[in-house]
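Working notes, structure below.
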Amino acid sequence: MVALFAEPVTASQAHTIEAALGLGRTGVSAVIPGWQGNTQVQFDDDMASLDGECFRPQLLTTPARRALVELFAGTLEDATEPAGWWSPTAPRRSLTGRFLDPEPEPPLLPAPSLVLLGEPALEGATGQEPRRAQQQCIEYAAWLLLHPGSTATTMSRALCVAEGTRRSNLSRLRTWLGCDEAGHRFLPEAYQGRISLDERVTSDWHRVRALIPGTVNEASDRALRHALTLVSGPPLGTAVARWPWARTIYDDMVAFLVDVACELTDRCLAGGYFDEALWALEQGRSVGPNDDELRIRAVRARHLMGDAAATQAEVASLIQTIRDENRQMQPEHAAELARIGAAQP
């Protein structure tokens with residue numbers, strides 16, 4: 001942890017900070033303006049000194065400095081790229097029928113499966129559940145499923161665990177996953193240095209992507225509906241705060257499923273199937289509760305249903321969320337509210 005002070009501290013505050021840092025290697029550094037007055041750091045080759053104390057400075061090389069400048073410059077750009085699961089040229093579609101049966105999945109051979117679209121869990125394991133470190137085992141299984149063929153070193157670094165801890169928990173996971181009827185382990189020994197789960201081990205997220213292998217707005221109605229039935233709650237549940245390595249896949253899960261919910265809602269509304277539209281919105285909101293695209297569709301659905309009170313409630317909820325997050329409403333959403341004559345509180 002690095003604490004950055006924007007203003008010089010008082011003498012009393014400086015004494016408190018010095019006392020805290022004097023405890024030894026606390027893992028905390030403080031950057032404070034005016035701390036050393038006019039004292040300058042003396043630098044020679046790769047060593048430096050300050051008030052007679054020598055140390056090895058952490059230097060910013062020219063390539064790293066250039067990369068940081070480009071990174072900060074990129075944060076100022078508004079340009080975005082379309083998601084790989086969306087086709088900007090696909091025609092608008094409406095629902096082709098009501099109460100559709102789910103899109104049939106190919107039969108799965110008996111094997112363990114992970115729940116990722118909700119609170120993470122391991123289902124269908126044939127071994128004995130460990131008495132300890134169950135959550136860590138589930139995390140290891142999720143990481144391996146999303147990073148097949150990785151090395152032990154890569155795994156330890158990604159999960160921020162010591163090698164001994166990784167080996168112990170991996171052994172627990174191997175026992176928990178168990179074997180198939182032929183005695184083959186669902187987590188084979190990594191004799192070649194690469195760790196992978198058996199290819200039959202899957203997850204609800206992988207099944208969703210198998211249902212919609214192409215673009216969302218070109219998928220069948222049944223595939224969209226079936227994908228949403230696999231959602232049991234926010235992706236990764238409470239584990240999203242404990243698994244920093246999963247942030248990117250979490251963002252992809254949320255964005256993908258919100259797009260699925262929006263697409264199915266649009267088709268339902270175009271066909272006049274309001275109950276199905278509300279169900280799709282509810283499933284989408286379990287993933288992205290404050291997503292503007294879902295909220296504006298909830299306003300649209302209630303308006304098309306002729307429910308003025310519910311329409312106004314959805315408008316108020318949308319605007320309150322935007323105010324709470326201290327941002328502006330998207331122009332196209334404001335225009336839609338104006339078109340339907342919604343009073344904006």
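The figures that follow rest on heavy atoms only: side chains count, while hydrogens, waters and symmetry mates do not.
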Practice item. Give, for atom CG of L122 and atom CD1 of I138, the distance between the pair rounded to the nearest 0.5 Å. Key: 6.0 Å
Revision key, fill the gap. Quick note, ring pair (Phe, Tyr, Trp, His ring centres under 6.0 Å) partners involving residues 155-203, not counting sequence neighbours, are none
Check your understanding: Are D266 and R297 within salt-bridge range, i.e. N to O under 4.0 Å?
Key -> yes
Practice item. Flag the pair I340 / V299 as yes when at least one side-chain heavy-atom distance between them is below 4.5 Å, and no otherwise. Key: yes
Review point. Does some side-chain heavy atom of F5 sit less than 4.5 Å from a side-chain heavy atom of Q13?
Key: no
Check your understanding: To the nearest 0.5 Å, what is the distance between CG (L211) and OG (S220)?
Key -> 8.5 Å
Point to revise | R66 with E70: basic N within carboxylate O range, under 4.0 Å | key: no
Practice item. Please confirm whether R225 makes a cation-pi placement over W279, using NZ or CZ under 6.0 Å from the six-membered ring centre and within 45° of the ring normal. Key: yes
Exercise for review: Determine whether more than 12 heavy atoms belonging to other residues, nucleotides or ligands lie under 6.0 Å from atom CZ of R65.
Suggested key: yes
Study note, to complete from the structure: Residues at least two apart in sequence or cross-chain that pass side chain to side chain donor-acceptor pair (under 3.5 Å) with R285, listed by chain then number, are E314
**Study point:** Main-chain N/O of S317 paired to T321 side chain as donor or acceptor, under 3.5 Å
**Key:** yes
Point to revise | Crowding at CD, E129 (>12 non-hydrogen neighbours, <6.0 Å) | key: yes
Check your understanding: Backbone N or O of Q283 within a donor-acceptor pair of the S286 side chain at under 3.5 Å?
Key -> yes
Practice item. Indicate yes or no: does E189 engage R185 in a salt bridge with an N to O separation below 4.0 Å. Key: no
**Study point:** Side chain H333, main chain M329, donor-acceptor under 3.5 Å
**Key:** no
**Study point:** Enclosure of E181 CD (heavy-atom neighbours >12, cutoff 6.0 Å)
**Key:** no
**Study point:** E119 and T238 side chains, donor-acceptor separation under 3.5 Å
**Key:** yes
Practice item. Please say whether more than 12 non-hydrogen atoms of neighbouring residues, nucleotides or ligands are located less than 6.0 Å from CZ in R327. Key: yes
Check your understanding: Can you tell me if CD on E199 sees more than 12 non-hydrogen neighbours from other groups inside 6.0 Å?
Key -> no
Exercise for review: Assess whether side chain to side chain donor-acceptor pair (under 3.5 Å) is satisfied between H147 and S150, documenting all intermediate values.
Suggested key: CA-CA 6 Å; H147 303 85; S150 297; 5.8 Å; no
Check your understanding: Are R302 and M305 close enough that some pair of their side-chain heavy atoms sits under 4.5 Å apart?
Key -> yes
Practice item. Starting from the C-alpha separation in whole Å, work towards a yes-or-no answer on side-chain contact (heavy atoms from CB on, under 4.5 Å) for Q330 and E293. Key: CA-CA 10 Å; Q330 297 182 42; E293 294 298 333; 3.8 Å; yes
Revision key, fill the gap. Rounding to 0.5 Å, atoms OG1 (T265) and CG (L294) come to a distance of 7.0 Å
Check your understanding: Any ion pair linking R242 and E139 (charged N to carboxylate O, less than 4.0 Å)?
Key -> no
Exercise for review: Carefully, step by step, assess I195 and L187 under the rule side-chain contact (heavy atoms from CB on, under 4.5 Å).
Suggested key: CA-CA 8 Å; I195 312 170; L187 177 54; 4.2 Å; yes
Review point. Hey, is CD on Q328 packed in by over 12 heavy atoms from elsewhere, all under 6.0 Å?
Key: no
Study note, to complete from the structure: So ring pair (Phe, Tyr, Trp, His ring centres under 6.0 Å) across residues 57-85, not counting sequence neighbours, yields W85-F256
**Study point:** Same apolar cluster: V115 and W205, side chain cutoff 4.5 Å
**Key:** no
